[in-house]
Structures are given as structure tokens and as C-alpha cells.
Amino acid sequence: MFKIAVKDLKLFMADKRAMLLTFLLPIPLITLFSLAFGGSGKSSEARPTILIMCDEDKTKASHHIVEQLDSLKEIKVQLSSLDTIKRWIGNGDEDAALILHKGLSDSMDAGKPLPMELIYDKAKEMQMGILMSALSGNLMRFAGTKSFEKKALANFDKQNPGMDSAMREGVHAMIASNFSGGSRDGGKDEPMLKATPMEAQKENSPGLVQAVAGTAVMMLLFSVAGLGASLLQEREDGTLKKLLFSPLSPSNILFGKMISANLVAMAQLLIMFLFSWLVFGLNIKQNIPGLILMIVATAFACSGFGIFLASVAKSRAQVQGMTTLIVLTMSAIGGSMIPSFVMPAWMQHMAVVSVNYWSIQGFYDIFWRVLPVTSPVFLMRVAVLLGIGLVLNFLAVRLYKRNIKSIA
Amino acid sequence: MELLQGLFIPNISPTLNDNIHFMIKVENLKKSYGDVPALNGVSFEIKEGEFFGLLGPNGAGKTTTISILSTILEPNEGKVTIGTYDLKKDPGQCKRTIGVVTQEIALYNKLSAYENLMFWGSLYDVPADDLKNRIAETLQLFGLADRQHDKIETYSGGMKRRINIASALLHRPKVLFMDEPTVGIDPQSRNLIFEVLEKLHKEGMTIVYTTHYMEEAERFCDRIAIIDKGTIIAQGTLNELKNTGGLKESIAVTFLNLTDLVKTKIGTFLGGEFKFEENVLHSYTSNVKTDLSRLIIGCSEAGADIVNIEIQKVNLETVFLSLTGKQLRD
């Protein structure tokens, strides 16, 4: 079977077009997706997103929120009037804007719901999911915490009307300190900011991880489907029949194909991650064992998919049609094209049936969540991918043995 | 020809004594695809070093037989022995004993001739050094040594076919199955392949050959089996096939006009076996030389204007036609 694998690799390398499609085509796609999903380099180096804001409250509290948002690395606030903003969005010049309505400060003092509104272009609902996700956590800390702090102080004053001013001031300082994350200086807001951005603690930008992993898996599925189709090409060219005349068993022929498909798949993934490291600064060195494990598991699952497809299909034309349909569907629901967290809940549940989902999440574990290689969550994803690969390869062997009889 | 159908005595068994060693023994082979029978109890034996032709019209069962003998198809019934190995019990050894040259050119176009031969040879576990030597010899034999590092896709059809045959010889098989190895190739390649076949035959290789070209079968085959509708309907040497079937040579005379009166006059002096087909007279004879002059004189005296005379000898084509009712290339 190694002879078959070596021959297949030689054939693959002799086919310049296949080499280009496998190793070079994914690179512009990764570049495109990387730029689209958050630029190059580490998260701290990412270019900030422009956030259009309108401050109608014009109080100290509303200024505070604007300043806090503007100080985030990911966001650059641009203030404008409500009329202008509505015109921009109506014209499609801007996607969304955050409006701090009048009464914001009073609502914070009274502990009431805050009159903040995100208005956006209805055609851009998908992007809004991402923006809402990014903003809500920060706003909760900048405005919501302040609101709760004011409410706590008001309740304390109401229940202790006779307390002398010095003691009252001391208790207020303690309450403020608790809400500001433990700072002794309750009047300063810096601790709130430090507690907010999880991204700042990470080595890699989640957008970059998404772009690289998503594109890599999608392109890999296309590539291995092509490699699997080589089995059908052998059939069409008569070389499979000739192989069956030789002492090789039919299973050995298929295992040889599997080995070569796995090797090419691993090489493709490795090249894509090396490219992302060299060009976009994706830190692949932070968990090399994890990366190797995930590359092996992903390659195994994807090559299983390719071989399975070749065993089901009757011709190369069928493989091409099925590949386009299945890979695009899996990539769409599995999070290769758009991050799964922006999808509706039912689609997120469906994502688990795709190779893409498990693989992308595994790469997130390595590069974004920075889980150790021994993490049960990470190992579970590796196990699922290996399981998918095993099932697909097993089915492929069964189908292949059944179909091989028709070759004679 | 219709006159002769059914007169042939089929299944000429070779007279073999105990000292002859059979390389292939096929006994009562049966195979059907669903309800459609492909082989109905095929039996034949091939001696060691024999060049054996398997002829039959399309769909007769040749490919099924070859597929079973070359181990990629299982029969429903019957027994096959190749060398000393039972095909069913020891297919691995049988595979190492045989080489198969398929009708289609089964090579990897993106690899060079050398790389192709290295790959196909390596499947039979030929030691690397031996294999390299054998490849060099084989390329020399087929006249392609100077092109060995060119990719197959740059080769002509004839050159590809030569490499296709070469790839089946590297493990030095004792039996070579060749299925239409000369289809669609140039005369130069065909002659080269013929030379190689003669050489292999002289060296004692057992060759099982299927072809649509009668002249190839007549030139090379020691014995021939004719298969039709899944049954061997005749087998023997070329002379046995020609002589034992009662086939005679014929003289075909074409006339300008042939009236009933002339036909009667000709029939009177001819005697023997003859028939008219429109303006053509077919006279069957066992002695063309004497009958030809008598025929010409008799026809002139009968007032018939002769346009053309053709002597039709008994050959494999006529044997095949009489047995199957079809041309070999049908």
C-alpha cells in the first residue's frame, strides 16, 4: 500500500496544476478572509473599527461611556448628530450607530433601564450580530455597573438617613471600590476598562484564527475530494483493473490512496498555517503539539470525506458535483464562511454535523482560547474528528469492496 | 456459406499424452451476471509454452474467461489451475504466475516510462536492482530506451502500447494474457510487438491471446479455441480447425448476366457442391487446380460471360464464420 501512496504522491507532484490548486489557491483566500475578519497580526495590532455615536444626553456619564469605548483598541468612536447619522444609515453610507439618548445619566442614577439604542441598516443584520456581541459586554461594564453602583449608594443613603457625612463618604468609597473592580480609589474608572477586553490578553486575533482555520478546512475538503477522485480516474483509465491483476489486495489499494490523501492534506494545512504565521503573524508556536494533533485529526477526517465521496460516486463528474454541494454546505453551516456565533441557534446546533465546525473550534482552542493539549475540551474535538474520519473511511472501504466487483 | 453451417464437427480435443505439462487447466467454468449466463461450462487446457488463441465474437465470453483466469472475477462454478496453483485456493500465487496486457493502455500519463515500469514492477516485489536491470532490458527490447525518461503523455499510441506490454513482463510471468494488444497502432509498433511475441514464445512463455485480427491468430497461435455464447464451440490447431470441419475451398465466378438456361447448363457439367448467389457461382472443391480450368471451359461453352474469378481458401475467418455465423470483427 505504501507503493500506491508513493506513486500517488509522485503523480500529484507531477501535476503542476493540482499542486497549484492545492497549495497556492488557498493562500489568496486566506489573505482575503484574514483581512476581512480582523486584519493581520495579533489582536493588539488590529486596526480599530469605526463606531459612529451620537451623545444626546451630553452629561458627564455619557461622556464617560464615549471615552471608555473610544479607549478600546478595537474601537474608534466618531461622534455625530442624530439627523446626520440617520441620513448616513438611510443612504447606506454607514452600517450602524450607537445612540445615547437623553436621560441616560438620570437612568444610571436611578438604576433604571438605560436609554441606549443601536440603530442599523436592516440589510446589514448579520454584521449587527457581530457588533452587538462586541459592544454589549463593554457597555454593560461602562454604563451598567455605574448604574448599579448609583442604585446601591442611593439605597444605602435611604436606609441610613442619620449617618454623619464623614462615615457616609467612607462607606460610599467602599461601595464604589467594589463596583470598580477592587480599586482603592473609587473615583477612578480605569479598573473597569482593564476588566473588559478579553481580546487584549490573547496572543492571536480571533478574526485571524477564524479566517485561517475556516478557509484552511474548506479548501482542504475541496483538495481531498480531488485526491479521492483519483481513485475514479484510475478506474476510468484502466489502471485500477491493472492494479487488481497484481498481488495487491483491493483493500491495500484503497489504504494506499488514504495514506497519500492524508499526507497531502497534512502538507496543505501545514503550509497554510506557516503562511499565516509568516504573513499575518499567527502565533503557531504557542501550542505546537496541539497544532500537530489538530492538523492530523483534521487531515484524517477530511481525507476520509474525500475517499468516501470517491467510493459513493460513479464518475469524476459526479464527485465534482457532490463536492461542490457538500463542501459548500458544510462550510456554510460549519463556520468556514462566517463565524458560527453569528448564525441562528438552530444553525449552530446543525454545525456539529460538519467537519469544519470541529476543526475550526479545535484551532480556536489552540490559538484563541489557548487551551493546553491535554484539555478535555480540545481532546474531545480531536476525538470527534478522528471518529468522523474512521466512520467515513470504514464506509468507504465497504462501498469500495462492493463496487470493485463491477470493474472486472 | 450458409450451406456449410452445422456441418462442422465441434470441439476438437487435442490428443495429449501423459508427459505433457499443462500450464492452464480450465474445467467446467460457469459464470452468470444475474440471470444472464456468460459462461456455460467452459473447459480447455493450455500446454506449457503454448501460444493459445481465444477467439470469439463480441459478447461471446472471452473477457469473462480472461477476467476469471486473471483472478479479478470469481466464477460461479468450475475449477481453474494455473501452473500448480488452484486459482480459488491460492489466488496470490496465481497472480504472481501471470502477466496481463489489457486492451486499454493502463499507464500513468504524468509519469515517465521508467517511473511507470518501476511502479508496476515493484508491485510484484522484484528486488530493486533486478528490477532496474529488467527495465533496462525490456526498454531495449521494445526500442524505447532513449525515451525512458519522457512522460508517457508525450508518447505515440504505439509507443504507449509497447510500454503497456513491457509493464506486464517485468516480474517474468510464466503465463501472459494478452487482450487485443495490437489494436489501433502503427505498423512499426505492431511489427516490434510481433517480434517480442515471437521471442517470448521461443523462450517458452505460455501466451493466451485474444484478437480480432485473423492473420495474427494464424501467424502465432499453436492452438485456437473458438468461444460463442459462453461455450467453446471448437478448439485445436489451425489445420485441425480447417480440416476437421469439412470446410472446402471454393471458386467464386462472377458473370455479366446469368439466365436460368445458363445456370442449368453450368449445373449439368459441374456436379459436386455449388450454389448461385445472383450473378455469382460458388463452386466448392477439394482440388482448385484441376477444377478451375474445367470450370472456365464449361462456363464458356454454356455461353456465360465471366467478369471475375476468385479462389476462396479455407482460413480461420471462414472457419469462424461457419461456426458462429458472424465475422470475427462483429
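So you know, we letter chains A, B, ... as the sequences are listed, proteins then strands, and number each from 1.
Judged by distance alone, the side chains of A:K242 and B:S167 do bring a donor and an acceptor atom under 3.5 Å apart.
Highest contact tally toward chain B, considering only A:L243, A:L248, A:I4, is held by A:L243 [criterion: heavy-atom pairs under 4.5 Å]. In terms of non-hydrogen atom pairs under 4.5 Å with chain A, the most contact-rich of B:E115, B:E104, B:R96, B:Q103 is B:R96.
Interface remark: B:T71 contributes side-chain atoms only to the contact with chain A (heavy atom separation under 4.5 Å). Heavy-atom distances place the side chain of A:E234, and not its backbone, under 4.5 Å from chain B. Contact annotation for B:L107: both backbone and side-chain heavy atoms come within less than 4.5 Å of a heavy atom of chain A. In this structure, the portions of B:S70 lying under 4.5 Å from any heavy atom of chain A include both its backbone and its side chain.
Within a 6.0 Å sphere centred on CD of A:E236, other residues, nucleotides and ligands contribute more than 12 heavy atoms.
Under the 3.5 Å distance criterion, the side-chain polar atoms of B:D228 are left unmatched by any main-chain donor or acceptor of B:A60.
Checked against a 6.0 Å centroid threshold, the rings of A:F245 and B:F177 do not count as neighbours.
Under the rule for a salt bridge (charged side-chain N to carboxylate O under 4.0 Å, His left out), B:K79 has no partner lying at least two apart in sequence or in another chain.
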